[in-house]
Amino acid sequence: MTTTEAEATRVTEAPRGESQWGLLWRRLRRKRLAMISLVIVAIIYAAGLLAPFVAPYSFTQQNLDRQLEGPSRDHLLGTDRLGRDMLSRAIYSARTTLIVTTAVLLTGSLVIGNALGLLAGYKGGWIDNLIMRVGEIFAGLPALVMLILINTTLSPRAIHAVRWIEDHTPLTGLVSSGLPSYLVVFGALSLFFWIGTARLIRSQVLQLRERDFIAAAESLGARSGRVIFRHLLPNVSFLIVLEVSSTLGAIAGSEIFLTWFGVGVQPPTPSFGAMLFDGSGARTFQAHPHLLLVPGVIVTMLLYAFVLLGDALNDAIAGR
Amino acid sequence: MTGYIIRRLFWLPIILLAVSFLSFAIARFGPGDPVAVAAGQFRDPEVLARVRAERGLDASLPEQYWRWLTGAVRGDFGESFLQRGFTVSELIFPKMWVSAQLGFVALVIVFGLGIPLGLIAAKLNGTWLDPLIVSVLLFFRAIPVLVLIPPLLWLFALKLRWLPVGGWDGLFDVYWIGGVIAIPIPDPHVYLPLLAFTIGGFAGVARLVRFTALEVTREDYIRTARAKGLPEGTVMMRHILPNSLLPVVTVIGFALAGIIEGAFFVETLLGIPGIGRFLFEAVRSRDYDTIMAATVIFAGVFVIMNLLVEITYSFIDPRVRLGASR
């Protein structure tokens, strides 16, 4: 990470006349693999976003006469054990990925991680100590094990709580929409996905706060909030983009692994994790390879695209 | 130096305590009454109360935690609710041994294979092979074991019939030559799990080594070494290699985390009686005491390994000690 930090400052000293973001985009556009990855991510996310409009069937609609069929004209990607359309399930799974990654990114990584990183780096002293020590404890834990523990025990509570909300407010259909398991999954994931961002931002802020423009702002009487938001935040924005691209894949992967394990998003809400679980097993694969291949190919493409994109972004920020 | 290690060691019990408290609190907060499960059909309140007293579940929560903690330090994690008559430790430790063997071999392969491959990729920098190797490595990192294992299993076990479908029979088989000379050969059960454990990790290590080796190659002292006429092999082994290895030590922790977390999925998919599959079954049947014990042990191993890595690193690179608060 130290190299990206050092190189990130290099971009801030880019030639004038063009915005830094424009420069970054221009460099990125030259990389063919990065552009292909971007298109793949965009297609999968767009499918998730527009799921109700693009999915040919409902994700729960069963047709027991047509179980475990291979691809056909009616069902482009075949059907699963209950005769549900695989294409529609995949599209709605993309929606789950979209919801979970966005929510975790917004809560855990972006808001909490950046706020704490900026605060720790700028304020220093006991605030810095406290934030970093707490982060150290979380970073010292095997995240997946803790996530499994948290999710097994808390998801029934979450269902209970959401049902209470349904009973006492005019809102309905919350439980059946899968909201409780979303809440638990991204609540738990957020717990573990702020540390990386906070550390990265903090180390950058530690260097920035010694610079003259911060001293100038402070001597003009700017309050901490103004210094942080107007002066520090814009200067770490490249790092944030880099961080987003590298954590998105990890978040999407975690949700799939947790769901596969049975502690993530709960059925009937579709997820790639649940689809992969249905298709795993050597004999299942021998008899019905499409059960695993449909979600498997999509998930691998998505995760690979995230990795390639992060790599290209890293290069572009470093000036290559 | 000693002061630094002592400071780090001081953190160890605090982190472990935090983990144990967290897992205890979460597990007790969980739904379902374990006593009602253990009592089975006898919903007689007297029976329930007796079981509760036997298990010490009638005490206050802090008292329960204290009792659990003092037991856990001595290796006593209580009785499994899932498999009655067995203590959690009796169930867990043999399974940990299986996982530990596999994990250790996997760790050795990750670094033994990743480092040379990274150096080769760095050596090929500038040719068309380099970007190809990097893309392949990134692909290996990206593909989830959940997707990878079933096709491999189908190919090697069902179609080609080279390997067993799953299970576990020790790391090594002994192969006798003429009944006199014993040669240990890897048991056929270990190939697939080791492949699954190492594929992401070795790609990560190779990528890191390639990156640092390229950085090191640009240093002045490498140019000096070449300028004074050292053979290329000596430059590689004496100057580039040691300096590229520094950051690799830091990722031992990550590699280990990857292997530990991978264990859940790899062991479950391949039917290996290790701790990962055990935890999978415990989670499926909501056996909280077992889940809790496994979590704490996992976290403990993880924290201790990370500490060892950090101490090793401070021995190798003196700057780490000085720049404690960068």
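Worth knowing before you read on, the calculation uses all heavy atoms, side chains too, and leaves out hydrogens, waters and symmetry mates. The structure displayed is predicted, hence computed values, not measured ones. Letters A, B, ... mirror the listed sequences (proteins, then strands); counts begin at 1.
With a 4.5 Å cut-off on non-hydrogen atoms, T268(B) touches chain A through its side chain but not through its backbone. Proximity to chain B (any heavy atom under 4.5 Å) is shown, for L302(A), by neither the backbone nor the side chain. Contacts between F306(A) and chain B at a heavy-atom distance below 4.5 Å are absent for every atom of the residue.
Taking CD1 of I149(B) as the start and CG of L276(A) as the end, the distance is 11.5 Å to the nearest 0.5 Å. Atom CG of residue D311(A) and atom CZ of residue R207(B) lie 4.5 Å apart, to the nearest 0.5 angstrom.
Contacts from residues 278-291 of chain A to chain B, taken as heavy-atom pairs separated by less than 4.5 Å, involve S280(A), G281(A), A282(A), R283(A), F285(A), Q286(A) in sequence order.
Chosen from P151(B), A157(B), S135(B), the residue pairing most often with chain A at heavy-atom distances under 4.5 Å is P151(B). Per-residue counts of heavy-atom pairs under 4.5 Å with chain A were compared for L158(B), V145(B), L256(B), L270(B); the largest is that of L158(B).
Contact annotation: the side chain of L303(A) approaches that of P144(B) to within less than 4.5 Å [non-hydrogen atoms, C-beta and beyond]. Using a 4.5 Å cut-off on side-chain heavy atoms (C-beta onward), L138(B) and Y304(A) make contact.
Using cut-offs of 30° and 60° on the angle between ring planes, the pair F265(B) and W260(A) is perpendicular.
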Exercise. Apply the test side chain to side chain contact (heavy atoms under 4.5 Å, CB included) to residues F139(B) and V307(A): give CA-CA distance (whole Å), side-chain angles for both, the deciding distance (0.1 Å), then the verdict.
Key: CA-CA 8 Å; F139(B) 181 71; V307(A) 176; over 6 Å; no
